[in-house]
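Written below as structure tokens is the structure these notes are about.
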Amino acid sequence: YQIDPERVEDLLWDLELVLLEADVAQEVARELRDEMERRLPRIRVDAKSEVPQAVESELTSAIRSLLEGRSFKFDEWLLTEDERPLTVMFVGVNGTGKTTTIARVAHRMKELGFSSVLAAGDTYRAGAIEQLKQHGDKLGVRVVNHEPGSDAAAVAFDAIDHAESRKKDLVLVDTAGRMQTDSNLMDELAKIDRVADPDLTIFVGDSLAGNDAIEQAKEFDKAVGVDASVLTKVDTDAKGGAALSIAHAVGKPVAYLGVGEGYDDLIPFDPDWMIERIFE
Amino acid sequence: SLSENLRDTLAKVANANRVDEDLIEEIVREIQRALLQADVNVKLALQMTRSIKERALEEEPAAGASPREHVIRIVHDELVQVLGESREIELKPQTIMLVGLYGQGKTTTAGKLAQYFQQRGLQVGLVAADVHRPAAYDQLQQISDQVDAPFYGDKEAGDDDAAKIVDEGLAELRDRTDIQIVDTSGRHSLEDDLIQEMEDVFEVADPDEKILVIDATVGQQAGPQAEAFNDAVDVSGVILTKIDGSAKGGGALSAVSETGAPIVFVGTGEDLADIETFDAERFISRLLG
Ligand SMILES: Nc1nc2c(ncn2[C@@H]2O[C@H](COP(=O)(O)OP(=O)(O)OP(=O)(O)O)[C@@H](O)[C@H]2O)c(=O)[nH]1
Ligand SMILES: Nc1nc2c(ncn2[C@@H]2O[C@H](COP(=O)(O)OP(=O)(O)OP(=O)(O)O)[C@@H](O)[C@H]2O)c(=O)[nH]1
Ligand SMILES: [Mg+2]
Ligand SMILES: [Mg+2]
């Protein structure tokens with residue numbers, strides 16, 4: 001039994017809709033649709049009733065190959081790099097969950113036996129330094145900060161210096177949220193990047209975002225080079241299509257998913273888990 | 001002969017219609033792609049596209065209008081209909097409650113609104129009802145200092161204190177301010193205890209305006225979340241933030257259609273001065289790219 005060629009167009013359109021409704025960016029949904037156009041004619045089943053299942057498993061396999069090698073194993077990275085301290089910088093647009101992610105990463109690292117120093121690199125927003133300090137207090141992790149309005153690069157430098165002298169494993173650098181369309185702020189970020197010279201730069205994206213996720217990730221990658229991303233707020237029933245978009249279109253692996261505001265609410269990225277959500 | 005000429009003319013007209021119909025289909029497909037790219041809810045985009053196509057084929061183009069202009073005019077009209085009657089928040093004594101998902105810009109918007117009303121001669125007070133986020137108190141207190149507005153909050157607040165803080169805060173601020181703005185914690189529809197908290201705060205505050213703050217980057221979640229917030233507090237207005245970024249804000253259409261409430265303000269940056277009244281024309285032309 002094969003899929004009726006007449007039905008293929010409609011079927012492809014329905015599949016594209018499933019992806020779009022899961023917040024997969026349009027260009028990635030289009031790409032998957034084209035991939036499915038190649039795969040659908042090859043489907044052979046014994047009974048007509050088996051077609052839906054066969055289509056779903058082809059789509060799952062297409063998405064899986066898109067996400068092949070797209071998990072960034074942060075814990076392993078930590079173990080394979082013998083440089084200490086390792087500096088990790090967190091970047092992204094306003095409100096995506098950078099500061100909360102840093103707290104969750106610091107917590108996870110502590111559970112794994114690694115020590116961190118947090119750099120309060122958002123010297124601009126109201127309450128930003130206090131927010132990170134409160135996390136530091138709760139976690140028993142040292143926060144290095146300067147006065148509000150001070151140079152973020154200097155804070156990062158100071159934190160790295162502190163981590164070196166105290167033999168800490170990690171420096172987690174928080175930066176202020178910024179629109180990737182603001183060239184002055186992107187220049188400022190590039191400067192922090194030059195001074196801090198991080199071993200890893202993590203783009204923090206909000207999985208509530210739709211098509212803009214790709215734009216954001218691309219520009220941040222151009223400005224400072226992104227090594228991996230973290231997708232937050234996946235617990236808000238957002239189908240997480242943004243993870244697919246960012247992972248594939250920007251070619252960046254996903255390290256973690258944020259699944260809540262608690263310190264334990266950080267899970268290593270698992271493509272199968274994500275695929276299940278899209279199809280739920 | 002006359003019949004030949006007539007036949008020729010009729011053939012041309014029929015062909016023109018064929019060309020126009022195909023062209024219209026093509027333009028409408030392009031519009032659909034633009035709507036989806038702009039994060040308009042998939043079902044809403046399909047619904048709009050169907051209606052646009054129907055109207056484009058049935059309605060007479062305006063004199064001298066090209067097929068493209070004809071379709072664009074209809075698209076524009078459909079979008080205006082979805083956005084609904086525009087209105088502004090009145091300059092009068094009232095209590096305003098801000099709600100929305102995480103990180104949308106509620107706390108910053110509270111400060112922006114305070115500045116906006118103060119510049120128009122009203123006294124504004126700010127209530128810090130977010131008892132969950134680390135340093136939420138500090139954030140709003142610093143903002144209150146920046147705009148020099150009276151502030152009420154509890155630095156040592158416990159997880160159950162939101163309604164109590166609002167009760168005390170409004171009692172304190174209502175006789176010395178014209179407008180009180182209640183900033184609440186980020187939340188989403190699946191968290192029953194936070195939805196309950198929002199309903200408790202709503203009951204205690206009895207706000208005149210219940211504003212849903214939504215980020216221009218929000219995609220397909222805009223509709224379902226707006227619906228949930230509306231069910232809980234009967235949203236009276238929407239504020240669309242971060243339109244200074246690259247996002248087109250298609251999610252805002254769902255926020256409006258689910259709540260039946262218009263967009264009253266837009267956030268155009270991080271500074272407290274970065275707020276403007278909603279301009280439907282600008283929004284529509286930006287949405288369509
Ligand atoms: N439900 C949920 N909320 C989250 C998650 N990650 C972050 N948040 C919330 O999102 C809001 C913003 O988080 P922040 O960590 O302040 O975001 P940010 O990127 O540092 O923000 P800026 O520094 O202002 O750009 C807070 O209310 C967080 O608790 C998540 O995975 N799930
Ligand atoms: N560029 C830009 N940034 C904005 C705008 N509105 C808010 N922000 C920024 O977005 C981030 C989040 O703003 P908040 O006011 O903390 O958001 P919130 O909704 O109160 O967050 P939670 O209380 O954690 O849910 C901050 O970095 C703000 O400066 C805007 O219109 N444009
Ligand atoms: Mg932050
Ligand atoms: Mg807030």
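Just so it is clear: chains get the letters A, B, ... in the order the sequence lines come, proteins before strands, and each one is counted from 1. Quick note: numbers below take in every heavy atom, side chains included, and nothing from hydrogens, waters or symmetry partners.
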Report the donor-acceptor contacts between chain B and chain A below 3.5 Å as a table, one pair per row.
| residue | atom | partner | partner atom | Å |
| --- | --- | --- | --- | --- |
| Arg33(B) | O | Gln26(A) | NE2 | 3.3 |
| Leu36(B) | O | Asn211(A) | ND2 | 3.1 |
| Gln37(B) | O | Asn211(A) | ND2 | 3.4 |
| Asp39(B) | OD1 | Asn211(A) | N | 2.8 |
| Asp39(B) | OD1 | Asn211(A) | ND2 | 3.0 |
| Asp39(B) | OD2 | Asn211(A) | N | 3.4 |
| Lys43(B) | NZ | Glu21(A) | OE2 | 2.9 |
| Tyr102(B) | O | Lys233(A) | NZ | 3.0 |
| Arg133(B) | NH2 | Gln131(A) | OE1 | 3.4 |
| Ala135(B) | N | Gln134(A) | OE1 | 3.4 |
| Gln142(B) | OE1 | Gly127(A) | N | 2.9 |
| Gln142(B) | NE2 | Glu130(A) | OE2 | 3.0 |
| His188(B) | NE2 | Asp235(A) | O | 3.3 |
| Thr217(B) | O | Gly210(A) | N | 3.0 |
| Gly219(B) | N | Leu208(A) | O | 2.8 |
| Gln220(B) | N | Asp23(A) | OD1 | 3.0 |
| Gln221(B) | NE2 | Asp237(A) | O | 3.4 |
| Lys242(B) | NZ | Asn94(A) | O | 3.0 |
| Asp244(B) | O | Thr181(A) | OG1 | 3.3 |
| Ser246(B) | OG | Gln180(A) | NE2 | 2.8 |
| Ser246(B) | OG | Asp212(A) | OD1 | 2.6 |
| Glu270(B) | OE1 | Asn94(A) | ND2 | 3.1 |
| Glu270(B) | OE2 | Asn94(A) | ND2 | 3.2 |
| Asp271(B) | OD1 | Tyr124(A) | OH | 2.5 |

Name the region of Leu36(B), side chain, backbone, both or neither, that has any atom closer than 4.5 Å to a heavy atom of chain A.
both
Would you mind checking which part of Ile214(A) comes under 4.5 Å of any heavy atom in chain B, side chain (CB onward), backbone (N, CA, C, O), both or neither?
neither
With sequence neighbours left out, what residues match Phe220(A) under ring pair (Phe, Tyr, Trp, His ring centres under 6.0 Å)?
Phe203(A)
Looking only at non-hydrogen atoms, find the nearest pair between Ala135(B) and Gly127(A) and report the distance.
CB-O, 4.0 Å
Side chain to side chain contact (heavy atoms under 4.5 Å, CB included) partners for Ala232(B), two or more places apart:
Ile195(B), Met198(B), Glu199(B)
Partner set under side chain to side chain donor-acceptor pair (under 3.5 Å) for Asp200(B), not counting sequence neighbours:
Gln196(B)
Under 4.5 Å from any heavy atom of chain A, what part of Leu140(B) do you find: side chain, backbone, both or neither?
neither
